[in-house]
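So you know, we letter chains A, B, ... as the sequences are listed, proteins then strands, and number each from 1. Since the model is a prediction, treat every value here as computed from it, not as a measurement.
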Protein chains: 2
Amino acid sequence: MEPVSTDDVTAFRRFNRYFTRRIGVLDDHYLGQDRPLGEARLLYEIAGSEAGVSLRDLRGRLGLDAGYLSRMVRTLQAQGMVRLGVHPDDSRLRTVEPTPAGRAEVEEQNRRAGALTAGLLQGLAPDQRRELTEALATAQRLLRLAGITVERVDGHAPDARACLDAYAADLDARFPEGFDKSDLVGPEEVSGDAGAFFVAYEEGRPVGCGALRRLEPGVGEIKHVWVDPGARRLGLARRLLDALEGEAAARGLTVVRLDTHAVLTEAQAMYQACGYTEIPAYTDHVYAGHWFEKRLGSGPESRR
Amino acid sequence: MEPVSTDDVTAFRRFNRYFTRRIGVLDDHYLGQDRPLGEARLLYEIAGSEAGVSLRDLRGRLGLDAGYLSRMVRTLQAQGMVRLGVHPDDSRLRTVEPTPAGRAEVEEQNRRAGALTAGLLQGLAPDQRRELTEALATAQRLLRLAGITVERVDGHAPDARACLDAYAADLDARFPEGFDKSDLVGPEEVSGDAGAFFVAYEEGRPVGCGALRRLEPGVGEIKHVWVDPGARRLGLARRLLDALEGEAAARGLTVVRLDTHAVLTEAQAMYQACGYTEIPAYTDHVYAGHWFEKRLGSGPESRR
DNA sequence: ATATTTCTTTGACTTTAGTCAAAGGAAATG
DNA sequence: CATTTCCTTTGACTAAAGTCAAAGAAATAT
């Protein structure tokens, strides 16, 4: 893996310092106008999630001490900003939800913050605003991608199954003929000697997966490459492929194959961009309409 | 002035939230590992400026209460991180400078922050790192520009004179024959009916200027458009020109002219890009090598 | 069914951050 | 040279942020 150039690091740190100084501070400042910052943040978080949130969740998300959180929630409750309840499934957990008043306050804060931002952008010409918006979108996309880790997990792991379920639901919606879950590989097919399973995590949540399976001596098959709709267009599928190919190479496989459904045109384009070439059918798989192959370890990768 | 689209505002706010959550927080966190955040920031600021800094300066830069600052500085002194002295020119002022130990601590923090950043960027391919760096640079450039205000000031104002001094020094260094300060317009030539003077401010500091002078009935002259070296390549000169032309139009002038030295090729390109056309000499000014003119109020601006 | 773990609440703290006013020395102003 | 302004220090506070441990209720594991 290439080392990170110090120029990139300095540029990043320079931006970071500039941005948090100039913008981040502002944002925090308006937030905590009528109440302590911690409380404002908490209310914002509570109002952000439509249904009720559990205190346990909030604690995790905001990284707060249990006692501290408990007290702040009480304060908000006393002010009529939130309502407390008991979790229906587990009565140890308490849930919080915003009252109309709480929602209104957050709305008002959003309005003010929006006005602040608009004031800032006012200093730019329209085309410069567009340029800024695009640059920020690019940066955010890449930052998200950088924060996602791809990890090998056991085929039986709950995260693995969760991803496959989501994958199956996705395909069922996209294939004209639907998709039957029983067609997924079993956990034992992607564990141990038989294969491997990778899950991509973003801030602890699984947002993508991919499986590798031994097909015949020297040949592997890649299956079930899936990316959560919320994490698409980041370049994550490529990273999953990288991981799968790396694993295949480490197992001494020289060729990987895969098949894909005719309707998944963007997937086909992606495979081709990653160095896969279309080959004749190597399976008579129900859903397969196109077959691809890539020879591994043949010098430099064709990276976009 | 065009209204800011809500899309741009939302995109900006989304980035802001994402960035401060994911990155900004990190940065603060490592900073305040061994000492309170405020103290760490203060030490960072002190170590950042090579020579000693005055407390007055620090107070301005960090926006701290005088008493609060005084105490924090004492704490740092007691820990051997900084040395206190009296300002040579004004013994009401105190100066602070980092000791070797203080410098070392900041160095160590920088090292750690750098490692953190490198770890983050590690998740990206080299070309994606470059893309990110570029996007951040663009964003920072535009944010800086958005934060700069152009204000009309009196020709006698200290900020106006400071800009003109810097401008003169700049020209003196660039012109082969040097530049004589006595050639600058006098304060009364850019005040009241005779003309106007604009200063660009970035976070309270003057970073650019431009003057407008009545030349003859219906015709104005733009002079001394200057941008601080630290604020170049942002598009600030254009904004200064916009302000000057707006002022000229408001005064009923229909034409503005300007002259420029032969060596200032980038200025000439900029004038042309802003709708100025070269004309024959209208002065026999010593330093002038090219003359330009623009007719005002003729429909839509040619914006880049 | 008993023990263990999980989750929230409460009490009792500490640290950090920040404010305000008084006071004294030094420079600038008239 | 008297007055005003500027800058720092000190004392006396307050509010916010955060920590830790004990305790009780509910769920899970054995």
Given A/Asp165 and A/Lys181, is the salt bridge (charged side-chain N to carboxylate O under 4.0 Å, His left out) satisfied, shown in steps? CA-CA 8 Å; A/Asp165 286 349; A/Lys181 275 185 69 164; 3.0 Å; yes
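With sequence neighbours excluded, the residues that form a side chain to side chain contact (heavy atoms under 4.5 Å, CB included) with B/Asp180 are B/Ser182, B/Tyr287. With sequence neighbours left out, B/Ala157 forms a side chain to side chain contact (heavy atoms under 4.5 Å, CB included) with B/Val153, B/Ala160. By the side chain to side chain contact (heavy atoms under 4.5 Å, CB included) test, A/Val190 pairs with A/Val185, A/Phe197, A/Ala211, sequence neighbours left out. For B/Phe19, the ring-ring contact (aromatic ring centres under 6.0 Å, His included) partners at least two apart in sequence or on another chain are A/Phe15, A/Phe19, B/Phe15. Scanning for side chain to side chain contact (heavy atoms under 4.5 Å, CB included) contacts around B/Ala104 gives an empty result, with sequence neighbours left out.
Following rounding to the nearest Å, B/Glu39 (CD) and C/dT16 (C1') show an atom-to-atom distance of 10 Å.
Taking a heavy-atom distance under 4.0 Å as the criterion, the stretch of DNA chain D touched by chain B extends 5' to 3' from D/dC6 to D/dA12.
Listed by first then second residue, pairs satisfying side-chain hydrogen bond (donor to acceptor under 3.5 Å, both in side chains) with a partner in residues 77-89 of chain A read A/Arg35-A/Gln79, A/Arg83-A/Glu97, not counting sequence neighbours. Residue pairs meeting the side-chain hydrogen bond (donor to acceptor under 3.5 Å, both in side chains) criterion with at least one partner in residues 56-75 of chain B, sequence neighbours excluded, are B/Glu45-B/Arg61. Within the structure, every pair that satisfies the side-chain hydrogen bond (donor to acceptor under 3.5 Å, both in side chains) test and touches residues 190-204 of chain A, not counting sequence neighbours, is listed here: A/Arg144-A/Glu202, A/Asp159-A/Tyr201.
Between A/Val199 and A/Val207 the shortest side-chain heavy-atom distance does not fall below 4.5 Å.
Counting heavy-atom neighbours within 6.0 Å of B/Arg232 CZ, excluding the residue itself, gives a total above 12. Summarising the local packing, CZ of B/Arg17 is surrounded by more than 12 heavy atoms from other residues, nucleotides or ligands at distances under 6.0 Å.
Relative to the axis of its first five pairs, the axis of the last five pairs of the helix from C/dA1-D/dT30 to C/dG30-D/dC1 sits at 30°, rounded to 10 degrees.
Of the residues in residues 82-98 of chain B, those lying under 4.0 Å from DNA chain D by heavy-atom distance are B/Arg92, B/Leu93, B/Arg94. For DNA chain C, the residues of residues 56-81 of chain A within the heavy-atom distance limit of 4.0 Å (strictly under) are A/Arg56, A/Arg59, A/Ala66, A/Gly67, A/Ser70, A/Arg71, A/Arg74, sorted by number.
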